Amino acid sequence: MASKLPIECLRRIFEELTKSDLTVDPFTHNDAIVYSNLNYLYSCVLVNRTWCNTAIPLLWKDPLHWLSIKDDDFIKQVVVPWKDQLRFHVPFTYAKSEKLPLLISTYFACLPEKSRRSLKTNKAFKLPEDIIETTTFYDYPFFLRRLNLPTLVNAVSMWTQQHHSTDEPLDEDTESEDVLSADVLTEKLIKLFMEKSTNLEYLSYIKLPVSLHNDVGHIKINIAGFPGSKIALANITSFHFNACAIKKPENYYVSLSRICHSIRNLEIRCLCNDSKGLAALIGSQRGLVKLLIHGANYYYGIHNGYIPKYSYRYITKALYNKVSDLTYLNFQCNGIPLETFASCTKLEQLILHANYYQNADKFIKSDFSHLKSLLIKDGSFLINHQTNIIQNSGGYISEIVNSMNEPRDPDNLTKFYETVIDFCPRLTILEYYICKDQISLIPILFNKCNQLRKLALHSTDMQTETVEINDVLSKMGEEIPEQLRMIEIPWHFKFSADSLESFLKGCQRRLKEPLQFEPSISTDEQKEILDRYIDIGVLKKNLSNY
């Protein structure tokens, strides 16, 4: 019966295997796509020719990524040849997957025979004749959908190291193509992809989580100049890059702006300078939906109270006209006013790395009727501003996370919690700063936000004053949401054994699953109570304490 399924049905079934662990965030490059079911696809290849022909394109749409992220080897140092146009400031180690060179061997076999034989004459490494003669049954580059250039460079470098020649001494007359074997092969493969990969959807120049520290060697990075790029890059919907990684970017940006008009997910990191070319690229897009843009200060921060002053006049103007359809904004860039995004009335996820923002007032008064997630990271975005955003939301917010240690305007904390209680009935995650004056609002929060699954309350690490919460803890047990799975309270919030018992009795009555609760306990009686409720399944066991 399986063999009689229409090919379209098979393809859709196989596609589901590759989508099972697809991460929502398009800018999570560490595990942006995790193919946990690829082994099943490998098995499908062995069933019959029809199944094989259906599964192979899916296995080869992003091999560079999934061969990199899943590996049991120890972290090893790998020298990767970079061009002077690539200058990533990241650690000098890389997760070395032993399968990547095999991938390059396959792609090498897809090169025209003339190209393969020209590389055989390269003095920097030796190629056995069987590698030159190898051919492939499938045109694997045709299946490629996602191209990450730093990963490609790393894989080629590992491959050339395996075939490195120490027999041929190099003299002063040696041509550059005879020396830079990895660079030459990388450029040939990029040329191959531009000619064959007519359905590319994803292009990245982003450094990987564990990458390189120094520039070594050269690769040709302006892929828009390769033959076939006008077709290969025309359907790119996700584009990710480090702006500071491109030495002479203007022509490169302009070239892409003439080809790529369908980018929906745009990630720009380390934006150090204004750029007419980048503005042209942004302005040429027909429908940006998700945008991540981080300026140079994301990496260097504020030093001695001084905020670096950058001006992004051209980029700001381009963004102003192209952001009205954004549903995702991850923003931190001094020099681009926050009011640039005041027209983003469709935002569902907002992430602000807020060291400093110009002209925030117009933005915080915008329409956030579709907002579901508000994340404030590593900065000083005023609580009052966050409260305004929540008040202008449509009641759909399910996640509020603020990772700052201590707010600039703690006097507005009570107003914040009152606003959350009034405007966030669908809240499932709350991670926020709290002082002693707001802890009495938590039982009310539990009552009004009864879909809450995680509550993490934090205070400054310098806190020394003990806060007694006996009455509040008991009331929290009476109102605790049925779906709550985790609760964290500051270490200096103290309570008696009786109030702890009362809270846990409430948890036993109301909760549907065990609660992760790891309070700071000070007496043997409190520990005995916790152990007892772990034994009866009300609390999860904290293995770190055993």
Side-chain angles (χ1 to χ4, degrees), residues 33 35 38 41-42 45 52-53 55-71 78 80-83 94 96-122 124-164 177 180-205 208 217-221 223 226-229 231-233:
I33 295 181
Y35 299 95
L38 282 180
L41 274 184
Y42 281 120
V45 167
C52 180
N53 291 339
I56 284 292
L58 298 175
L59 286 169
W60 283 84
K61 66 181 181 180
D62 189 18
L64 284 165
H65 179 75
W66 54 259
L67 284 181
S68 299
I69 63 173
K70 293 284 186 179
D71 193 80
V78 182
V80 176
W82 294 98
K83 199 168 186 177
Y94 202 101
K96 182 178 180 180
S97 170
E98 300 297 339
K99 296 179 181 178
L100 282 174
L102 298 176
L103 174 66
I104 298 304
S105 292
T106 302
Y107 280 139
F108 182 89
C110 295
L111 288 169
E113 183 178 355
K114 182 178 179 181
S115 295
R116 283 179 275 152
R117 292 204 173 276
S118 68
L119 286 170
K120 180 176 173 60
T121 64
N122 195 296
F125 64 98
K126 286 186 174 181
L127 291 176
E129 188 65 26
D130 61 335
I131 292 182
I132 301 297
E133 298 295 336
T134 299
T135 59
T136 61
F137 183 78
Y138 291 99
D139 187 6
Y140 293 106
F142 176 78
F143 303 134
L144 191 67
R145 297 293 181 270
R146 295 168 57 93
L147 176 58
N148 187 307
L149 287 174
T151 309
L152 176 65
V153 173
N154 173 63
V156 171
S157 176
M158 294 166 60
W159 186 87
T160 56
Q161 286 178 12
Q162 289 187 358
H163 301 288
H164 178 69
E177 183 165 316
L180 302 176
S181 55
D183 305 334
V184 174
L185 178 54
T186 301
E187 293 187 12
K188 288 184 181 295
L189 290 179
I190 293 175
K191 182 175 182 291
L192 178 69
F193 294 146
M194 292 301 99
E195 292 175 347
K196 299 285 188 176
S197 308
T198 57
N199 294 302
L200 278 177
E201 301 169 354
Y202 174 102
L203 178 62
S204 176
Y205 297 95
L208 295 183
H218 304 270
I219 65 169
K220 187 172 183 179
I221 208 64
I223 65 174
F226 283 92
S229 61
I231 296 176
L233 303 177

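Worth saying up front: this structure is predicted, and the values here are computed from it rather than measured.
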Colleague: Could you tell me whether the side chain of Met194 reaches within less than 4.5 Å of the side chain of Ile223, counting heavy atoms only?
Modeller: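 A side-chain contact exists here, since the closest heavy-atom pair is under 4.5 Å.
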Colleague: Sub-3.5 Å donor-acceptor pair from the side chain of Thr160 to the main-chain atoms of Val156, do we have one?
Modeller: yes
Colleague: For Tyr138, check side chain to side chain contact (heavy atoms under 4.5 Å, CB included) against everything at least two apart and list the hits.
Modeller: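 So Tyr138 forms a side chain to side chain contact (heavy atoms under 4.5 Å, CB included) with Cys52, Asn53, Ile56, Tyr140, Phe143.
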Colleague: Could you check whether any side-chain heavy atom of Asn148 comes within less than 4.5 Å of a side-chain heavy atom of Leu64, counting everything from C-beta outward?
Modeller: no
Colleague: Quick one: are Leu144 and Trp60 in side-chain contact, heavy atoms under 4.5 Å?
Modeller: no
Colleague: Are Tyr202 and Leu147 side-chain neighbours, meaning at least one heavy-atom pair lies under 4.5 Å?
Modeller: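 Counting from C-beta outward, Tyr202 and Leu147 never come under 4.5 Å.
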Colleague: Quick one: closest heavy-atom pair of Arg146 and Leu200, and the distance?
Modeller: N-CD2, 4.1 Å
Colleague: Run the salt bridge (Lys or Arg N to Asp or Glu O under 4.0 Å) test against Glu195 and tell me which residues pass, sequence neighbours left out.
Modeller: Lys191
Colleague: Out of curiosity, Phe226 CZ to Leu192 CG, how far, rounded to the nearest 0.5 Å?
Modeller: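 The CG atom of Leu192 is 11.0 Å from CZ of Phe226, to the nearest 0.5 Å.
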Colleague: Side chain to side chain contact (heavy atoms under 4.5 Å, CB included) between Leu152 and Ile190: does it pass, once the steps are laid out?
Modeller: CA-CA 9 Å; Leu152 176 65; Ile190 293 175; 3.9 Å; yes
Colleague: Set out, in order, the CA-CA distance, both residues' side-chain angles and the distance that settles side chain to side chain contact (heavy atoms under 4.5 Å, CB included) for Arg145 and Asn199, then state yes or no.
Modeller: CA-CA 6 Å; Arg145 297 293 181 270; Asn199 294 302; 3.5 Å; yes
Colleague: Measure the spacing between OG1 of Thr151 and CG of Asp62 and express it to the nearest 0.5 Å.
Modeller: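 Result: 9.0 Å between the selected atoms.
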Colleague: Would you give the length of the straight line joining atom OG of Ser197 to atom CG of Leu203, rounded to the nearest 0.5 angstrom?
Modeller: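 Answer rounded to 0.5 Å: 11.5 Å.
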Colleague: Give the minimum heavy-atom separation between Pro150 and Ser204, together with the two atoms involved.
Modeller: CD-O, 3.6 Å
Colleague: Output a table of donor-acceptor pairs, distance under 3.5 Å, between side-chain atoms of residues 100-113 and any protein atom two or more places apart or on a different chain; print 'none' if there are none.
Modeller:
from: Ser105; atom 1: OG; to: Pro101; atom 2: O; distance (Å): 3.2
from: Ser105; atom 1: OG; to: Trp159; atom 2: NE1; distance (Å): 2.7
from: Thr106; atom 1: OG1; to: Leu102; atom 2: O; distance (Å): 3.2
from: Glu113; atom 1: OE2; to: Arg117; atom 2: NE; distance (Å): 3.2

